[in-house]
Amino acid sequence: MILALHGAINAPDPQSFTSRNFVSEQEAIQQFKLISAQVVDVAEAVSGRGIAITVDDSTEAAANVARLLADAGMAVTLFVNPWNIESRQVYPFAVLNCALDQTSLQQVGFEGVVYPLADRAAKERFRRLVKSRLLSLRNEDDRVSFAAYTAEALCVPAPAIPSYLQPPTLDDLQSLLDLGVHIGNHGWTHASYAIMSAAEFTEQVRLAEGWLREHGLYEGDLFAVPDGKALPMRPARASDFGTVLLADDRLRPGRVGPCAHNRVSVDEVSTSNALTDQIDRARLDSIS
Ligand SMILES: [Zn+2]
């Protein structure tokens with residue numbers, strides 16, 4: 001079984017969009033320690049033994065949990081997008097989430113329509129709309145521009161972005177590697193792999209692979225698909241990318257193709273939603 005999370009921070013606020021997908025570092029480490037005897041690296045978990053831990057994205061929150069787990073003696077693989085590390089840009093979703101939390105608007109005019117923002121549920125509906133627009137843009141520059149346009153519409157043209165959403169530096173990655181963290185390929189950018197042509201998909205994977213190799217970070221041929229739901233099937237084959245990791249809750253955990261493995265998302269580990277319970281549920285559901 002392979003677990004997937006996005007990072008840990010000091011005190012995530014369950015009501016905020018900014019810290020969504022991040023677990024509390026104290027609770028997470030406490031709970032991961034309970035399974036530490038079963039933790040193996042991804043290659044071993046792919047062949048059906050033990051539990052591997054993976055962390056996605058180029059954020060300090062992701063690097064933080066990878067470091068904490070490695071410090072506690074656990075194998076962990078961090079999947080990064082080199083584009084963010086090189087350009088020092090945060091993800092478009094970070095801009096959107098921070099702007100949503102920081103706006104004081106009660107409603108927003110957006111692409112000619114007025115949307116309410118008076119409570120969290122209304123903001124969540126607006127977020128879903130912007131998210132679907134972002135996922136329809138395959139180019140990262142267009143996504144960055146669209147997030148900036150959304151932030152302006154929310155009257156927060158330059159939202160404050162907490163440090164945990166900033167990309168780690170190359171030095172950070174190198175010190176993680178020294179600690180024993182494996183670094184994996186999450187594609188050059190975090191663009192929409194589900195709508196890319198096979199050639200674009202291949203280019204994204206190869207560019208990231210080249211960058212990881214050039215900086216001595218590349219260890220094997222693991223590719224975790226951004227957003228977790230697209231397989232490079234037509235006309236390229238998944239086998240062209242080594243082992244492809246998904247995180248798709250519509251599929252059962254475990255092997256989902258000759259070279260594809262579906263992970264179990266554990267972004268909501270907490271005292272009330274224990275890691276061991278989530279693993280037990282995934283085991284019952286598992287196909288491998
Ligand atoms: Zn990701």
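Order of appearance sets the numbers: ligands from 1, and atoms from 1 within every ligand.
Take a cut-off of 2.8 Å around the Zn ion (ligand 1): the protein N, O or S atoms inside it are D57 OD1, H186 NE2, H190 NE2.
Taking a cutoff of 4.0 Å between a charged side-chain nitrogen and a carboxylate oxygen, R67 and D71 qualify as a salt bridge.
Sequence neighbours left out, the pairs with a member in residues 139-150 that pass salt bridge (charged side-chain N to carboxylate O under 4.0 Å, His left out) are E140-R143. Note on residues 11-59: pairs passing ring pair (Phe, Tyr, Trp, His ring centres under 6.0 Å), not counting sequence neighbours, are F22-Y164.
Annotation: E44, atom CD; neighbour count of heavy atoms from other residues, nucleotides and ligands within 6.0 Å is above 12.
Aromatic ring pairs are classed by plane angle as parallel below 30°, tilted from 30° to 60° and perpendicular above 60°; the pair F126 and F110 is perpendicular.
E86 meets the salt bridge (charged side-chain N to carboxylate O under 4.0 Å, His left out) test with no other residue; sequence neighbours excluded.
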